[in-house]
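Taking it in order: structure first as structure tokens, then the write-up.
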Amino acid sequence: MSKQPLNTAYTDGGLNCVVKTISELTDQEIQFAASVTFGGVIEITNAIGGVDVCLANPIKDRYTGLDMAAGTHTVEGLQALQFLRTRHGVGDGSDLGRIGNQQQYMSSLARKMISGEVLGNVPVMLKLANTALSNLEASTSLANNPMTLVQIALAVKSVPFEDIVFVQYPTGADYADPNKVVPNQEAAAALWDAIEANAQLQITHQNTSNDGVIVQEPTEPVTEATPDPTATPDTVVALPDSIKGNSAAQTTCSNGNVR
């Protein structure tokens, strides 16, 4: 069982088992957890009026039915789910490429919420909270106190985009099975040490044609959050180049292909 993927932990033991597995792997305390169904992704995306995503190249994925031209799109409903689920349509067609593409969606979602379109709009915020509670399987720490969701969201409002960083857990090749990967615990240790020090995480990995996204230079200024001086870290830690990801301050576009 020590080499099973996380979806096996979820299938066999549910959300609690996933939390315990990740906590043991990372040696990090996890205070809150939630899972969302495929239908829930559609409802939550619709509740905020869609999410803007960028495609450097067209995506045509016959497995998910996603067919999108290059350029910027606002995805919602079924198309948002197809975008998040596509694997064959980005990068090298791997699960790791899909994670990179999903992180583009999450970065855009964070920018939209912080810019005031969501957190600054009370009716939209209430609609999102109600939709989330109806579509999430939440840990007791969240489910027993719905206001916790609102408090977490409002806390994010003061966080600069550079301090919101999405990372993939570093992996290495599994020599026993070329279709699988194993944890790179040495690189991961650098990540946990930086988080423990409350440092700003700097991604050094240079994306290639195998990755799910391409980093783009912004063509227009990004609306910045109002920094909270007490929450801004004093140090910046450059993570090992084996750790993939991006900050919400970066503009990334899907590295699409046709399959």
Side-chain angles (χ1 to χ4, degrees), residues 36-118 124 128 156 161-162 164-169 171 181 201-225 241-259:
V36 60
T37 64
F38 291 156
V41 170
I42 293 175
E43 295 299 327
I44 292 173
T45 304
N46 290 350
I48 62 172
V51 173
D52 294 337
V53 296
C54 167
L55 274 65
N57 311 301
I59 293 178
K60 190 168 185 178
D61 179 6
R62 60 187 175 89
Y63 295 92
T64 62
L66 184 63
D67 188 353
M68 298 176 68
T72 301
H73 304 262
T74 300
V75 295
E76 54 186 324
L78 177 61
Q79 190 179 47
L81 178 59
Q82 292 172 319
F83 182 84
L84 289 168
R85 288 292 298 163
T86 187
R87 173 167 66 85
H88 298 279
V90 292
D92 60 2
S94 69
D95 287 323
L96 299 182
R98 170 163 57 190
I99 292 172
N101 196 51
Q102 291 171 338
Q103 288 175 340
Q104 183 214 159
Y105 174 96
M106 295 300 295
S107 293
S108 180
L109 175 63
R111 289 193 296 269
K112 182 170 185 176
M113 293 186 70
I114 291 174
S115 68
E117 292 182 50
V118 176
V124 172
L128 178 59
V156 173
F161 292 142
E162 290 83 359
I164 301 176
V165 183
F166 300 93
V167 298
Q168 294 188 39
Y169 187 97
T171 59
V181 293
L201 307 179
Q202 183 180 75
I203 301 295
T204 64
H205 173 78
Q206 298 295 314
N207 287 18
T208 69
S209 59
N210 289 331
D211 292 313
V213 293
I214 298 171
V215 177
Q216 300 283 330
E217 292 296 329
T219 56
E220 57 185 40
V222 177
T223 303
E224 293 291 341
D241 62 7
S242 56
I243 299 181
K244 301 178 182 181
N246 63 272
S247 77
Q250 291 177 298
T251 301
T252 58
C253 294
S254 300
N255 184 20
N257 54 50
V258 177
R259 298 195 179 202

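Owing to the predicted nature of the structure, the values given are computational and were not obtained by experimental measurement.
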Answer whether the closest heavy-atom distance between the side chains of Arg62 and His88 falls below 4.5 Å.
-> no
Distance from Ile59 atom CD1 to His73 atom NE2, nearest 0.5 Å?
-> 8.5 Å
Side-chain contact test, heavy atoms from C-beta onward, threshold under 4.5 Å: evaluate it for Asp211 versus His205 and give yes or no.
-> yes
Check whether any side-chain N or O of Thr86 sits under 3.5 Å from a backbone N or O of Gln82 as a donor-acceptor pair, and report yes or no.
-> no
Please report the shortest heavy-atom distance between Ala70 and Ala56, naming the atom on each side.
-> CB-O, 3.9 Å
Nearest heavy-atom approach of Ser108 to Val51 is OG-CG1, 3.6 Å
Quick check: does any side chain N or O of Asn207 sit under 3.5 Å from a backbone N or O of Val215, one acting as donor and the other as acceptor?
-> no
Exactly one of Ile214, Asn255, Val53 clears side-chain contact (heavy atoms from CB on, under 4.5 Å) with Gln104, and that residue is Val53
Please tell me if the side chains of Gln202 and Glu162 come closer than 4.5 Å, counting only heavy atoms from C-beta onward.
-> no
Identify the heavy atoms of Leu201 and Val165 that sit nearest to each other, and give their distance.
-> O-CG2, 3.6 Å
Can you check whether Val75 reaches Leu84 side chain to side chain, under 4.5 Å on heavy atoms?
-> no
Phe83/Leu55 under side-chain contact (heavy atoms from CB on, under 4.5 Å): CA gap, chis, key distance, verdict = CA-CA 11 Å; Phe83 182 84; Leu55 274 65; 4.0 Å; yes
How long is the gap from NZ on Lys60 to CG on Leu66, to the nearest 0.5 Å?
-> 11.0 Å
Flag the pair Met113 / Val156 as yes when at least one side-chain heavy-atom distance between them is below 4.5 Å, and no otherwise.
-> no
Does any N or O in the side chain of Arg98 come within less than 3.5 Å of the main-chain N or O of Val90, such that one atom is a donor and the other an acceptor?
-> no
Looking at Phe161 and Arg111, what are the two nearest heavy atoms and their distance?
-> CE2-CA, 3.8 Å
Reported CG-to-OG1 distance for the pair Leu78 and Thr45, which is rounded to 0.5 angstrom = 11.0 Å
Establish, from distance only, whether the side-chain atoms of Asn101 and Ser254 form a donor-acceptor pair under 3.5 Å.
-> yes
Between Thr252 and Asn246, does any side-chain donor sit less than 3.5 Å from a side-chain acceptor?
-> no
Indicate yes or no: at least one non-hydrogen side-chain atom of Tyr169 is less than 4.5 angstrom from one of Ile99.
-> no
Can you tell if the side chain of Ile203 reaches within under 4.5 Å of the side chain of Val167, non-hydrogen atoms only?
-> yes
CG of Asp92 to OG1 of Thr208, rounded to nearest 0.5 Å, is 8.0 Å
Rounded to the nearest 0.5 angstrom, the CG-OG1 distance for Leu81 and Thr64 is 8.5 Å
Are any non-hydrogen side-chain atoms of Tyr63 and Arg87 less than 4.5 angstrom apart?
-> no
Of all the heavy-atom pairs spanning Thr171 and Leu96, show the shortest one and how long it is.
-> OG1-CD1, 3.9 Å
Pairwise distance NZ(Lys244) to OG1(Thr204) - rounded to 0.5 angstrom | 12.5 Å
